[in-house]
Amino acid sequence: MTDFEKRILCIGAGYVGGPTMAMIAFKCPQYKVHVVDINPDRIDAWNSQNLPIYEPGLEEVVFEARGRNLFFSTDIQEGIEEADIIFVSVNTPTKTFGEGAGMAADLQYWEKTARQILECSKSPKIIVEKSTVPVRTAQAMERILGTDGTGKFQVLSNPEFLAEGTAIEDLKCPDRVLIGSRLTEEGLKARDELVSIYANWVPKDNIVTSDTWSSELSKLVANAFLAQRISSINAISALCEKTGADVSRVAYAVGKDGRIGDKFLKSSVGFGGSCFKKDILNLVYLCRSYGLQEVADYWEQVVKINEYQKERFVLNMLHTMFDTLAGKKICLLGFAFKADTGDTRETPGIYIAQRLAEEHCRVVVSDPQALDNAKIDLKELGDAVSYVEDPYEAAADCDALAVLTEWNLYKELDYAKIYNSMTKPAFVFDGRNILDHQALHDIGFNVFPIGKPALTHYRTNGRTR
Ligand code: UDX
Ligand code: ADP
């Protein structure tokens with residue numbers, strides 16, 4: 001143990017803690033990296049050939065470092081005792097009860113961790129906030145640890161910006177690593193320690209440092225800005241559908257302006273994932289608690305437009321399919337909140353499946369990675385939903401296909417074969433605009449993209465081309 005230059009612990013082996021620590025261990029064989037979690041099943045999976053999360057490139061990184069300098073266990077106490085640096089990466093979901101319900105972050109797991117660190121620490125530690133937390137959480141952590149920035153504990157903020165599906169690439173070549181600290185001598189020393197870990201593979205210019213509060217707030221703001229772009233283009237998609245404009249062309253033309261840029265302008269059925277909604281609601285709650293009502297309302301609108309986009313998608317299906325979905329069968333192509341992940345947290349698929357079931361429609365969910373999660377998410381819908389991985393089998397006898405996730409495999413299916421197996425007239429609702437709409441129309445489908453003219457074989461209210 002003493003042969004290692006540094007001993008790093010991460011508490012929480014989830015979508016952030018697992019890949020992040022695997023990358024540090026992979027890039028820095030001189031450090032011992034120990035990842036702990038209260039969930040023994042998760043730890044068993046991290047120690048197996050079947051990792052608990054699907055992420056391209058993750059297996060290579062984990063399999064290379066595991067057993068060498070990367071260890072997974074449930075022994076939180078021992079982990080805390082021997083660590084020099086402790087990353088806290090436990091979940092901070094939206095609070096479901098009491099003050100701030102539905103908006104504020106639920107910090108109960110996070111507080112429990114802070115208390116455990118205090119209880120088990122016998123030597124000085126640097127504590128690193130990895131979980132996304134409301135501004136000034138580091139201060140709360142300091143209070144629990146009984147420090148004012150001097151003495152045994154230094155608390156740093158180091159928010160993670162990786163996106164799921166591209167986590168390994170994002171971790172290998174991050175746009176930036178952000179580290180916030182107190183600007184005292186001890187704070188800056190701790191910050192340098194953390195900088196020296198990332199400097200093993202991240203260019204120094206990409207390691208941005210700041211005070212703790214700015215670092216915490218930057219994470220919320222980055223996610224709010226990204227989500228805002230999606231809600232902006234999704235709002236415009238509604239206008240495009242009314243006017244016959246094409247949202248992809250609008251996004252392309254707008255994004256060509258270097259001041260705007262072309263990323264995160266893909267109109268969709270709505271954004272999902274564990275971060276965007278949660279972080280914006282956190283931001284809204286924060287603004288409200290400081291009496292900034294107008295600012296809070298401004299950001300809340302980003303979430304509202306996202307809800308509107310999902311409902312619009314459902315209503316479009318309902319109105320297109322002759323104002324009744326009762327007894328119809330719709331195949332959801334994709335359930336994960338984005339491609340290349342099995343994660344379904346806040347995925348639009350949950351809302352859409354629930355709404356379709358409410359309309360007494362039968363739903364077939366298909367996805368190459370997310371079916372296990374889908375079964376949990378939609379459990380209460382019972383027999384109204386079935387789960388079929390093979391897209392050809394899933395689509396058979398359906399009235400419509402609804403593309404909810406931009407998996408590459410959906411671009412390459414034999415849609416003529418699928419069309420022949422479906423009930424007629426057959427519809428496609430492309431919630432990701434990834435299919436060849438003209439080719440589908442030529443096959444016989446009535447095609448409804450997002451923010452583009454529909455291609456139908458009958459007259460519709462202004463959306464026929
Ligand atoms: C996001 C941030 O990108 C990342 O920096 C942060 O650390 C965590 O939150 P993530 O939620 O994993 O990452 O995925 P992201 O790629 O941001 O996609 C979020 C959602 O927006 C997905 O549902 C995606 O399909 C959707 N999206 C994204 C769009 O609808 N249109 C776009 O143009 C981009
Ligand atoms: P994220 O996407 O932020 O990584 P996850 O929910 O995937 O969030 O992961 C958080 C992990 O933290 C879960 O595996 C959960 O079991 C773990 N966790 C929560 N509370 C504690 C705790 N007190 N000690 C150790 N692990 C914890």
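In listed order, ligands and their atoms are each counted from 1.
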Minimum-distance protein heavy atom relative to [atom]:
{"atom": "atom 19 (C) of ligand 2", "value": "Asn91 OD1, 3.1 Å"}
{"atom": "atom 4 (O) of ligand 2", "value": "Val16 N, 2.9 Å"}
{"atom": "atom 12 (O) of ligand 1", "value": "Glu164 N, 2.7 Å"}
{"atom": "atom 7 (O) of ligand 2", "value": "Tyr15 N, 3.1 Å"}
{"atom": "atom 2 (C) of ligand 1", "value": "Asn223 OD1, 3.5 Å"}

For [X], is at least one N or O under 3.5 Å away from an N or O on ligand 1?
{"X": "Lys338", "result": "yes"}
{"X": "Ser274", "result": "no"}
{"X": "Gly270", "result": "no"}

Any heavy atom of Lys263 sitting closer than 4.0 Å to ligand 1?
->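 It does not; every heavy atom stays at 4.0 Å or beyond.
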For Arg229, is the nearest heavy atom under 4.0 Å from an atom of ligand 1?
->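 Per 4.0 Å heavy-atom rule, Arg229 does not contact ligand 1.
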Using 4.0 Å as the upper bound for N to carboxylate O, is an ion pair formed by [Y] and [X]?
{"X": "Glu111", "Y": "Arg115", "answer": "yes"}
{"X": "Arg229", "Y": "Asp262", "answer": "no"}
{"X": "Lys266", "Y": "Glu406", "answer": "no"}
{"X": "Lys304", "Y": "Glu307", "answer": "no"}
{"X": "Lys338", "Y": "Glu164", "answer": "no"}

Contact with ligand 2 for Ser89, non-hydrogen, under 4.0 angstrom =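 So Ser89 counts as touching ligand 2.
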Taking only heavy atoms of [X] into account, list the atoms of ligand 2 that are under 4.0 Å away from them.
{"X": "Ile76", "value": "24 (N), 25 (C)"}
{"X": "Thr113", "value": "22 (C), 23 (N)"}
{"X": "Arg345", "value": "2 (O), 5 (P), 6 (O), 7 (O), 8 (O)"}

Can you figure out which of [options] has its heavy atom closest to [atom]?
{"atom": "atom 20 (N) of ligand 2", "options": "Ile38, Thr92, Thr20", "value": "Ile38"}
{"atom": "atom 19 (C) of ligand 1", "options": "Phe276, Phe161, Phe271, Tyr15", "value": "Phe276"}
{"atom": "atom 17 (C) of ligand 2", "options": "Ile43, Val90, Asp37, Ile117", "value": "Asp37"}

Measure the acute angle between the ring planes of Phe429 and Phe427, then classify it against the limits of 30° and 60° as parallel, tilted or perpendicular.
->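 Parallel, since the angle between the ring planes stays under 30°.
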With under 30° as parallel and over 60° as perpendicular, where do the rings of Phe276 and Phe271 fit, or are they tilted in between?
->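 Phe276 and Phe271: perpendicular rings.
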Indicate, with yes or no, if the rings of Trp46 and Phe71 have centres closer together than 6.0 Å.
->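 So the answer is no for these two rings.
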Taking non-hydrogen atoms only, is Lys130 closer than 4.0 angstrom to ligand 2 via side chain, backbone, both or neither?
->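 None of Lys130 does.
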May I ask you to identify, for Ile11, whether its side chain, its backbone, both or neither come under 4.0 Å of ligand 2 on a heavy-atom basis?
->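 Under 4.0 Å from ligand 2, Ile11 contributes side-chain atoms alone.
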Under 3.5 Å side-chain donor-acceptor pair for Gln309 and Ser237 |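 Short answer, yes.
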Compute both the distance and the angle, then confirm whether Arg66 meets the cation-pi test with Phe72: under 6.0 Å from the six-membered ring centre, within 45 degrees of the axis.
->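 Here Arg66 fails the 6.0 Å and 45° test against Phe72.
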Under the criterion salt bridge (charged side-chain N to carboxylate O under 4.0 Å, His left out), which of Arg7, Lys32, Lys122, Lys125 is the partner of Glu82?
->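 When salt bridge (charged side-chain N to carboxylate O under 4.0 Å, His left out) is applied between Glu82 and each of Arg7, Lys32, Lys122, Lys125, only Lys32 qualifies.
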